[in-house]
Amino acid sequence: MSTQFYNSLTKKKETFKPIEAGKVKLYTCGPTVYDMAHIGNFRAFMFEDLLKRYLLLKGFEINHIMNITDVDDKTIKRSFDENIPITELTKKYTDRFFEDLKVLKILPANIYPKATDHIPAMVRMIENLVKNNNAYITDNGSVYFAIDSYHDYGQLINLDFSQQKRTNRISSDEYTKDKPQDFVLWKSWKEEDGDVFWESPWGKGRPGWHIECSAMSTEYLGNHFDIHCGGVDNLFPHHENEIAQTICATGEPFVNIWMHCEYLTVERGKMSKSQGNIFRISDLVEKDFSGETLRYILLNTHYRSKLNFTMDKKHEAVQVVQRITDLYDRLLSINKTVENDGSLPEEYSQFEDALDNDLDTPGALAVFFEWVRKTNIKLDSGSLREKEAVTGLNFLDKVNSIFDLIQEKIEIPKEILDLVNIRQKARQKNDWVLSDKLRDKIYDLGWTVEDTLTGQKCKPLKS
RNA sequence: GGCGUCGUACCCAAGUGGUUUAAGGGGGCGGUUUGCAAAACCGUUAUUCACCGGUUCGAAUCCGGUCGACGCCUCCA
């Protein structure tokens, strides 16, 4: 089966074929670092991580660029409100963003370009657009893109501007534009911008939001590259505008495949500060969600389906993570004298087929769990051959390279180990009363002990 | 008002014309195992895919309608 991805541009699944054989140029819209990102933001980043991990599994070499938006209305307002320099604000939240990525085990991008480091490239692009008559300059020194100059405008989303609901923003805000739907490329300086501005041929100001992604993506990946991702909310206006301005500026094809992941909702609605239902990664870590459990929750729903995040999803995730980790431990503990020939179980091809089908993670997990059950049966009966243990570990490595759900080993503290050893002696003497008492004590200290055929197995309490 | 997505068991969630008289996970119940547990495993939990019509030899899957949920229409992952 060929690898197929749903392309938002053509609205159907397409066989993936990179521009350059064996290499993928990937651009993903990154965070605006005016505040901490929340679980909804990270759903998109997790989806992109999944995409990237799968392409890596398929053997592609990937150049992944993720931008950091460190100047926009929100960053300026926030730095003003908090009375700290904008660079200090954005540094703080950029650092927090990277910490969260680590918690979620999201693989790092090759480069994280910052918008403020690429103003000249944006200015050059805007100059091109002005030169090509795709953009116009207003009296106050702002530059707008004229959407009428790009006839293919509206490929990602079907919008009938004549039927558009009139919002306050359109009617009151942008009176200097030729057409309400024209979007800003360069925003002229206003008093509330303070010292946040750059010099340009049109006077001092700052770039519009959309132009940064156009400038940075083409700078690092070339004018024409393979995949561009984001959340569905980026479809319009962000990506629609990006397409228009980039194609008009470069005169070349832009992106082959646009991929968007659906919303994450909380209690069936959008997260919003007014409702107090924003979950940040650090909040969830405090509530005992691990990176693995969050990964399972986010990856157990197909990326193009809505995902309703609730606290009670934790239980299922915890169980699954533990089950997989336990199986991994069981296979590891088998003495293996055979050489690893890289073999994989027959389920592997179905696993890959599921992911080939537009990253069907629930389908892939279903195949995987069938295999987990079969393997546990063999383990229980002692009929698993050494060779199968090796093959199984190979499969787990592959699965883990995508899902990354196996928990890292935590060293058992000496205090616990001592109790386990005392318990061992008690058990040899059939002193069940003491044995059970010690088990309770170990439990109270945050650990569990299971009595297996090969002796006691100690692990931290699930969270 | 315009555009669009979705509605599958107690919960989560694949499947989008025939190998499905509907995967997988969690939970419940009943077992095997265990000194007892835990873990693992076995059985069970939707004759049915929001509802009503239609197309077809055949539909959860296609078409029309109804109801319900959600999103976009220039802040948004």
Side-chain angles (χ1 to χ4, degrees), chain A residues 11 28-32 34 37-48 72-74 77 147 154 157-167 169-170 173-174 177 180-184 208-210 229-238 240-241 260-265 268-272 296-297 300-302 304-308 310 312-320 322-323 326-327 330 350 354 357 360-370 372-381 427 430-433 435-436 439-440 443 448-453 456-457 459:
Chain A
K11 294 170 184 66
T28 60
C29 282
T32 302
Y34 74 107
H38 54 65
I39 184 75
N41 302 124
F42 280 104
R43 184 190 188 190
F45 303 140
M46 187 65 79
F47 143 66
E48 289 150 3
D72 79 325
D73 294 350
K74 284 174 297 194
K77 183 173 184 307
I147 66 160
I157 193 159
N158 182 14
L159 278 181
D160 180 353
F161 290 126
S162 67
Q163 296 293 328
Q164 191 172 52
K165 190 176 180 178
R166 290 193 69 79
T167 66
R169 247 173 300 199
I170 287 183
D173 188 26
E174 311 286 8
K177 296 186 208 172
Q181 292 77 27
D182 289 348
F183 57 89
V184 71
W209 174 39
H210 316 300
C229 308
V232 283
D233 49 333
N234 281 155
L235 277 167
F236 187 86
H238 188 48
E240 194 69 61
N241 292 350
H260 296 90
C261 89
E262 253 295 346
Y263 262 119
L264 177 146
T265 57
R268 306 240 164 261
K270 270 177 91 160
M271 274 186 275
S272 69
Y296 176 78
I297 292 168
N300 189 223
T301 299
H302 185 91
R304 284 192 294 115
S305 296
K306 288 178 183 65
L307 165 56
N308 192 37
T310 55
D312 55 19
K313 290 207 166 175
K314 188 171 84 172
H315 180 79
E316 176 179 342
V318 165
Q319 294 292 338
V320 165
Q322 188 62 250
R323 187 165 170 226
D326 280 349
L327 175 60
R330 288 182 91 178
Q350 290 167 264
N357 179 21
D360 178 6
T361 45
L365 284 172
V367 172
F368 172 63
F369 283 121
E370 291 275 11
V372 167
R373 187 171 47 81
K374 275 166 62 179
T375 305
N376 271 321
I377 292 170
K378 286 183 189 166
L379 248 8
D380 281 354
S381 66
R427 296 179 65 72
N430 286 356
D431 186 348
W432 307 126
V433 176
S435 171
D436 290 355
R439 186 166 62 194
D440 289 345
Y443 185 89
T448 57
V449 60
E450 297 171 0
D451 299 310
T452 71
L453 283 173
Q456 298 181 82
K457 185 181 173 186
K459 56 192 183 190

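Each chain gets a letter, A, B and so on, in the order its sequence line appears, and its residues count up from 1.
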Between the side-chain atoms of R439(A) and the base atoms of A38(B), is any donor-acceptor pair under 3.5 Å?
no
Counting C-beta onward and ignoring hydrogens, is there a side-chain heavy-atom pair between V367(A) and F369(A) closer than 4.5 Å?
no
Basic-acidic side-chain contact under 4.0 Å: E370(A), R373(A):
yes
Reckon H238(A) touches a base, only the sugar-phosphate, or nothing at all at heavy-atom distances under 4.0 Å?
nothing
Would you classify G230(A) as touching base, sugar-phosphate or nothing, given that sugar-phosphate means primed atoms plus P, OP1 and OP2, and contacts are heavy atoms under 4.0 Å?
sugar-phosphate
Spell out protein contact along nucleotides 20-31 of chain B as letters: B when the base is contacted, S when just the sugar-phosphate is, - when no protein heavy atom is under 4.0 Å; keep the 5' to 3' order.
---BSBSS----
Nearest nucleotide by nearest heavy atom, which residue falls closer to the 5' end of RNA chain B, D451(A) or K374(A)?
D451(A)
What class does the angle between the rings of H238(A) and H210(A) fall in, given that below 30° is parallel, 30 to 60° is tilted and above 60° is perpendicular?
tilted
Starting at the 5' end of RNA chain B, what dot-bracket string do you get if Watson-Crick and G-U pairs under 3.5 Å are bracketed, crossing pairs use [ ], other-strand pairs use | and unpaired bases use dots?
(((((((..(((.....[.....)))((((((.......))))))....(((((..]....))))))))))))....
Is any side-chain heavy atom of T375(A) closer than 4.5 Å to a side-chain heavy atom of V372(A)?
no
Below 4.0 Å: OP1/OP2 of G35(B) and any side-chain N or O of N430(A):
no
Determine the minimum heavy-atom distance between A44(A) and C261(A), stating which atoms define it.
CA-SG, 3.5 Å
Presence of S381(A) side-chain N/O under 4.0 Å of C41(B) phosphate oxygens OP1/OP2
no
Can you check whether R427(A) reaches D451(A) side chain to side chain, under 4.5 Å on heavy atoms?
yes
For nucleotides 3-7 of chain B, give me every protein contact, N/O to N/O, under 3.5 Å, one pair per line with atom names.
| unit_1 | atom_1 | unit_2 | atom_2 | d |
| --- | --- | --- | --- | --- |
| C3(B) | O2' | N158(A) | O | 3.2 |

Check for a donor-acceptor pair, side chain of S435(A) on one end and backbone N or O of D431(A) on the other, with a separation under 3.5 Å.
no
Under 4.0 Å, counting only non-hydrogen atoms across every strand here, what does T448(A) touch: a base, just sugar-phosphate, or nothing?
nothing
Between the side-chain atoms of D312(A) and the base atoms of C11(B), is any donor-acceptor pair under 3.5 Å?
no
Mark yes or no for a side-chain to base donor-acceptor pair under 3.5 Å between D436(A) and G35(B), with no hydrogen or angle criteria applied.
yes
Side-chain N or O of N41(A) less than 4.0 angstrom from OP1 or OP2 on A77(B)?
yes
Can you list the residues that meet the ring pair (Phe, Tyr, Trp, His ring centres under 6.0 Å) rule with Y296(A), with sequence neighbours excluded?
none
So, using salt bridge (charged side-chain N to carboxylate O under 4.0 Å, His left out) as the criterion, who are the partners of E262(A) when residues are at least two apart?
K306(A)
Are R323(A) and D326(A) within salt-bridge range, i.e. N to O under 4.0 Å?
no
First encountered from the 5' end of RNA chain B, between S305(A) and D380(A):
S305(A)
Look at all strands and tell whether D233(A) reaches a base, only sugar-phosphate, or nothing, counting heavy atoms closer than 4.0 Å.
base
Check whether any side-chain N or O of N41(A) sits under 3.5 Å from a backbone N or O of H38(A) as a donor-acceptor pair, and report yes or no.
yes
Go through the structure and list residues passing ring pair (Phe, Tyr, Trp, His ring centres under 6.0 Å) with H302(A), not counting sequence neighbours.
none
